[in-house]
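Some notes on the structure that comes next.
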Amino acid sequence: MKKSFVLLLVCIILVSCVFAACNNKKNNDDENTSSSEGLNDADTEFGIEEVEVTDENGKAVTDANGNKVTTQVAVQYSKDKKGKTIGKVLDANGNPVKDNKGKDVTVKVKDDEKTPTKNHNMTTEDAELTVTQAPDPTGTTNEKVPMTQEKNTTKFDDTKDEDIVPKTSDKGKQVNFSPEDQSIIKSMLEVPYLYLSSYENSDGVPLDIAAHTAVWMIEHEGGVQNVYPSSPVVLNLFKYYGQTVVDFKTKCNEFASDAGAPITWNKADDTFEISGFTSKKQTVSIEKIEDMGNNNYYKVTASVSGCNKKKVVAIIQKNRLDATLGFSIKALKWS
């Protein structure tokens, strides 16, 4: 009798352990699933950071006047082990740049020192650092503003404490851009169906036009396939608009479908698929360009044909990260 009781007790303990293990596994699976879905739903944040350029020995590069050479780089923001925000330096394809030890090259972000982290030296061998100078905005209506000029540094205009993007209703001093620059701006404003939405920079980029822009950027980058990793697509949108298009991945399918943009996001493998490129719709003719007086912002006024709009006003900024694109579109007003 005593022996039977002991055996029964052992069986009860074993069964309890099995149930506990099953429950733990289920809880772990649930946690892993929700965590995974949360990561997939999260939008990647990109930005621009200024860094000092160093040579292969980690020594700061200086210009003829002894000033440290700096450059602007695109970064993907993430957290380090201590919870501080850092920026992973990205190459032209939207992939993290690696150092000679295979580790991500990172930089401290805006509120910290604008130098590479101690364990990752940002050298001229780690990444191609193309440095260009924005146009000189001091001209008159008769002056030609050069497209680009090679220069050692690309610092922003620090005359103001904050970088405030002008409104489309603001006024500036009229200037002339080179034919090359005007051609770039014209092509950017002729992204098919860009006229679907207007926005000020503080509003954020509308997702319907972002979907069409993503397709145009793939074509602009020479894309010929149907499926693309998400990082380059999202980074290209960042280059075009000069800011992260919030929630683009997770809401792309809904807004792209409503806007008739031939692009979808596949959550399972985090890729974008396009079914084709869109034919040109609107044509713009630039009438006036105004210097807005701070941080290389310009206001472009153009007439529009080929759609239900007659005029567009755009706030643009010289793009230091993509020489072929030339500018980023900061705000649009279609009428």
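What you see is a predicted model; the values in this text were computed from it and never measured. What's counted below: heavy atoms across the whole structure, side chains too, no hydrogens, waters or symmetry copies.
Shown here for Ser303 and Glu287, the closest heavy-atom pair between the two residues is CB-OE2, 3.3 Å. Here the closest non-hydrogen pair linking Lys239 and Asn319 is O-ND2, 2.9 Å. When all heavy atoms of Ala302 and Ile286 are compared, the pair lying nearest together is CB-CA, 3.8 Å. Across all their heavy atoms, Gly242 and Ser328 have their closest contact at N-CB, 3.6 Å. Here the shortest heavy-atom pairing between Ala331 and Asn201 reads CB-N, 3.9 Å. Residues Leu235 and Ala74 come closest through the heavy atom pair CD1-CB, 4.3 Å.
Residues Lys310 and Ser305 have side chains not in contact (no heavy-atom distance under 4.5 Å, counting atoms from C-beta outward). With contacts defined as side-chain heavy-atom distances shorter than 4.5 Å, the pair Leu194/Trp216 does not qualify. Proximity of Val89 to Gln76: side-chain heavy atoms (C-beta onward) are nowhere separated by under 4.5 Å. A 4.5 Å side-chain heavy-atom check between Trp265 and Thr271 finds every atom pair outside the cut-off. With a 4.5 Å cut-off on side-chain heavy atoms, Phe272 and Ile218 do not count as touching. Counting heavy atoms from C-beta outward, Ser78 and Ile86 have side chains that approach closer than 4.5 Å. At least one side-chain heavy atom of Thr85 sits under 4.5 Å from a side-chain heavy atom of Lys79. Val215 places a side-chain heavy atom less than 4.5 Å from the side chain of Pro262.
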For this session: Applying side-chain contact (heavy atoms from CB on, under 4.5 Å), run through Cys252 and Ile263 and close with a yes or a no.
Result: CA-CA 8 Å; Cys252 170; Ile263 184 171; 4.1 Å; yes
For this session: Begin from the C-alpha positions of Lys251 and Asp247 and carry the test salt bridge (Lys or Arg N to Asp or Glu O under 4.0 Å) through to its verdict.
Result: CA-CA 6 Å; Lys251 296 182 179 179; Asp247 294 332; 3.7 Å; yes
For this session: In sequence, state the C-alpha distance, the side-chain angles, and the governing distance for Met217 and Val233, and then conclude on side-chain contact (heavy atoms from CB on, under 4.5 Å).
Result: CA-CA 8 Å; Met217 283 295 291; Val233 176; over 6 Å; no
For this session: Check the pair Ile329 / Tyr199 against side-chain contact (heavy atoms from CB on, under 4.5 Å), numbers first and verdict last.
Result: CA-CA 11 Å; Ile329 306 296; Tyr199 73 100; 4.0 Å; yes
For this session: Before giving the answer on side-chain contact (heavy atoms from CB on, under 4.5 Å), spell out for Glu221 and Asn236 the whole-Å C-alpha distance, their side-chain angles and the decisive distance to 0.1 Å.
Result: CA-CA 9 Å; Glu221 294 287 319; Asn236 278 338; 3.4 Å; yes
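How far OH of Tyr228 is from CD of Glu273: 10.5 Å, rounded to the nearest 0.5 Å. In this structure, OG1 on Thr283 lies 11.5 Å from CG on Leu189, to the nearest 0.5 angstrom. Atom CD of Gln243 and atom CD of Glu45 lie 10.5 Å apart (nearest 0.5 Å). We find the CD-NZ distance between Glu290 and Lys173 to be 12.0 Å, quoted to the nearest 0.5 Å. Rounded to the nearest 0.5 Å, atoms CD (Gln282) and CG (Leu196) are 8.5 Å apart. For the atom pair OG1 (Thr62) and CD (Glu52), the distance works out to 11.0 Å, reported to the nearest 0.5 Å.
In this structure, a donor-acceptor pair under 3.5 Å is absent between the side chains of Ser335 and Lys309. Side-chain contact, Asp270 with Ser230: a donor N or O sits under 3.5 Å from an acceptor N or O.
Contact check on Lys280 versus Glu190 returns a salt bridge, with a Lys/Arg side-chain nitrogen under 4.0 Å from an Asp/Glu carboxylate oxygen. Comment: Lys299 does not engage Asp291 in a salt bridge, judged by the lack of any side-chain N to carboxylate O separation of less than 4.0 angstrom. The residues Asp104 and Lys88 are annotated as salt-bridged, a charged nitrogen and a carboxylate oxygen being separated by less than 4.0 angstrom. Ion pairing between Asp99 and Lys103 fails under the 4.0 Å rule for side-chain N and carboxylate O.
The backbone N or O of Asn295 lies less than 3.5 Å from a partner atom in the side chain of Gln317, making a donor-acceptor pair. Remark: the backbone N or O of Ala259 is not paired with any side-chain donor or acceptor of Asp208 at under 3.5 angstrom. A donor-acceptor pair under 3.5 Å is formed between the side chain of Asp203 and the backbone N or O of Glu200. Judged by distance alone, the side chain of Thr213 and the main-chain N or O of Ile209 form a donor-acceptor pair under 3.5 Å. With hydrogens and angles disregarded, a donor-acceptor distance shorter than 3.5 Å links the side chain of Gln225 to the backbone of Val227. The closest donor-acceptor contact from the side chain of Thr168 to the backbone of Leu332 lies at 3.5 Å or more, if one exists at all. Checked by atom type and distance alone, the side chain of Asn296 never pairs as donor or acceptor with a backbone atom of Lys318 at under 3.5 Å. Using a distance-only test at 3.5 Å, with no hydrogens or angles considered, a donor-acceptor pair links the side chain of Asp80 to the main chain of Lys82. The backbone N or O of Phe46 lies less than 3.5 Å from a partner atom in the side chain of Thr244, making a donor-acceptor pair. When atom types are taken as modelled, the side chain of Ser187 and the backbone of Ile184 share a donor-acceptor pair closer than 3.5 angstrom.
Note: the hydrophobic cluster containing Val313 does not contain Tyr240 (ILVMFWY, side chain heavy atoms under 4.5 Å, direct or indirect links).
When ring centroids are compared, Tyr298 and Phe177 come within the 6.0 Å threshold.
Taking the centre and axis of the six-membered ring of Tyr241, the NZ or CZ atom of Lys330 falls outside the cone set by 45° and 6.0 Å.
Annotation: Lys186, atom NZ; neighbour count of heavy atoms from other residues, nucleotides and ligands within 6.0 Å is above 12.
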